[in-house]
Number of protein chains: 2
Amino acid sequence: MKIGELARLTQCTVETVRYYEREGLLPVATRTEGNFRAYGPEHIERLRFIRNCRALDMSHEEIRNLLGMIDTPAAGCGAINEVFDEHITHVEARIRELEELKQSLRTLRDRCQSERSVNDCGILHGLTEMGSAPRKEKHTHLG
Amino acid sequence: MKIGELARLTQCTVETVRYYEREGLLPVATRTEGNFRAYGPEHIERLRFIRNCRALDMSHEEIRNLLGMIDTPAAGCGAINEVFDEHITHVEARIRELEELKQSLRTLRDRCQSERSVNDCGILHGLTEMGSAPRKEKHTHLG
DNA sequence: GTTGACTCTATAGTAACTACAGGTTGTGAA
DNA sequence: TTCACAACCTGTAGTTACTATAGAGTCAAC
């Protein structure tokens with residue numbers, strides 16, 4: 001199977017497939033005589049795995065960790081649970097963050113109930129009067 | 001006032017200040033004889049505005065739009081409300097997305113209640129069995 | 001004058017793709 | 001066999017919002 005078909009089967013692009021190979025997520029493919037990549041069922045399965053993880057907003061690093069556990073099973077699946085639990089925690093943290101953000105936005109938005117001149121806009125005044133927010137600490141890869 | 005002080009006052013870095021100037025968010029500063037940037041109160045105010053918007057996860061484009069409205073006030077603040085409303089809508093959409101994601105993660109996670117070998121892990125089987133997720137459409141800048 | 005902090009520009013890197021240029025291969029139809 | 005077109009290849013650059021670094025210049029205090 002060539003790369004176009006693999007991409008179609010796993011609902012992504014050939015560029016993404018090549019990118020995953022370069023990133024080491026997908027095993028390097030064998031080549032035809034014409035230097036085309038040749039794929040078999042194990043690549044479908046692996047790429048499907050990767051795409052599902054990505055759909056769950058897992059980072060490449062997280063995926064790499066999981067793949068490592070699959071490829072060199074040393075113990076039970078406790079470590080996999082840990083990756084998942086950590087990811088869930090990150091998702092929850094990001095949700096909380098966005099909820100707070102939404103509150104702030106609503107509070108600001110409620111300062112402007114009727115059309116007035118830009119110079120009198122409660123939102124803009126709010127944005128100007130607020131002390132500037134401290135720089136954010138690095139947080140999740142979820143945005 | 002020099003750039004280090006401005007950065008300190010607005011709780012960001014000199015690199016970020018220079019970046020905002022390059023991006024056109026912050027007006028170009030005048031220069032001292034030694035080619036150091038010189039800032040006054042209007043820069044403090046503008047940078048504070050920008051940082052507050054960023055703290056609200058507004059994109060540079062959104063900020064640029066708001067600044068345009070401030071600098072060339074043509075009508076009332078209806079347009080500002082629109083920018084805000086649209087941003088709030090994006091935040092809400094992202095929250096929903098993450099909530100669904102969290103559900104999926106929990107469902108998968110619940111397939112693994114006890115320590116077993118990696119080969120028998122319900123999570124991994126789930127990730128492999130799932131049809132791969134279709135490519136995501138471009139969505140908000142919120143992650 | 002010296003030293004150390006601050007400033008400058010230019011460049012590159014981060015994450016996860018996405019797009020494109022220019023060249024090669026393969027397949028089906030004429 | 002030839003041709004046209006689709007698919008493939010590598011390499012490079014771009015997206016967003018920073019962040020870091022190299023190497024050089026400026027400045028204030030000692």
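Remember, it's a predicted structure, so these values are computed and weren't measured experimentally.
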Please check the phosphate of [N] (OP1 and OP2 only) for any side-chain N or O of [X] closer than 4.0 Å.
| X | N | result |
| --- | --- | --- |
| Arg54(B) | dC18(D) | yes |
| Thr16(B) | dT19(D) | yes |
| Arg31(A) | dT10(D) | yes |
| Arg37(A) | dC9(D) | yes |
| Arg18(B) | dC8(C) | yes |
| Tyr20(B) | dC18(D) | yes |

To the nearest angstrom, how far is [X] atom [atom1] from [N] atom [atom2]?
| X | N | atom1 | atom2 | result |
| --- | --- | --- | --- | --- |
| Glu21(A) | dA16(C) | CD | P | 18 Å |
| Tyr39(B) | dC6(C) | OH | P | 16 Å |
| Leu26(B) | dA17(D) | CG | C1' | 15 Å |
| Arg22(A) | dC17(C) | CZ | P | 12 Å |
| Gln11(A) | dT18(C) | CD | P | 14 Å |
| Glu15(B) | dT7(C) | CD | P | 10 Å |
| Leu47(A) | dC17(C) | CG | P | 11 Å |
| Leu6(A) | dC8(D) | CG | P | 10 Å |

Any Lys/Arg nitrogen of [X] or [Y] sitting under 4.0 Å from an Asp/Glu carboxylate oxygen of the other?
| X | Y | answer |
| --- | --- | --- |
| Glu92(A) | Arg106(B) | yes |
| Arg22(A) | Glu15(A) | no |
| Glu129(B) | Arg48(A) | no |
| Asp71(B) | Arg64(B) | no |
| Glu97(B) | Arg94(B) | yes |

Do [X] and [Y] come within less than 4.5 Å of each other through their side chains, counting heavy atoms only?
| X | Y | result |
| --- | --- | --- |
| Leu67(B) | Phe49(B) | yes |
| Cys53(B) | Leu127(A) | yes |
| Lys102(B) | His87(A) | no |

Subject >> Of residues 58-68 of chain A, the positions that come close to DNA chain C - non-hydrogen atoms, cut-off under 4.0 Å >> reply: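 Those residues are Ser59(A), His60(A).
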
**OP:** Would you mind telling me which residue lines up with the more 5' stretch of DNA chain D, Glu5(A) or Tyr19(B), judged by nearest nucleotide?
**Re:**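 Mapping each residue to its closest nucleotide by heavy atoms, the 5'-most match is Glu5(A).
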
**OP:** Ignoring the backbone of Lys2(A), work out which of dT19(D), dA16(C), dC8(D) is nearest its side chain.
**Re:** dC8(D)

Subject >> CD (Glu61(B)) with more than 12 external heavy atoms under 6.0 Å >> reply: no

Subject >> Flag if over 12 foreign heavy atoms under 6.0 Å of CD, Glu45(A) >> reply: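 No, not enclosed.
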
**OP:** Determine whether Ile3(B) and Phe36(B) fall in the same hydrophobic cluster, where Ile, Leu, Val, Met, Phe, Trp and Tyr are linked whenever their side-chain heavy atoms lie under 4.5 Å apart.
**Re:**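 Per the 4.5 Å side-chain linkage, Ile3(B) and Phe36(B) are not co-clustered.
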
Original post:
Where does DNA chain D pair, written as one dot-bracket string 5' to 3', with Watson-Crick or G-U pairs under 3.5 Å, ( ) inside the strand, [ ] for crossing pairs and | for another strand?
Top reply: ||||||||||||||||||||||||||||||

**OP:** Measure up the Tyr19(A) and His60(A) rings against each other and bin them: parallel (under 30°), tilted (30 to 60°), perpendicular (over 60°).
**Re:**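 Tyr19(A) vs His60(A) ring planes: tilted.
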
What protein N or O atoms touch nucleotides 22-25 of chain C N or O atoms at under 3.5 angstrom, if any, and at what distances?
none

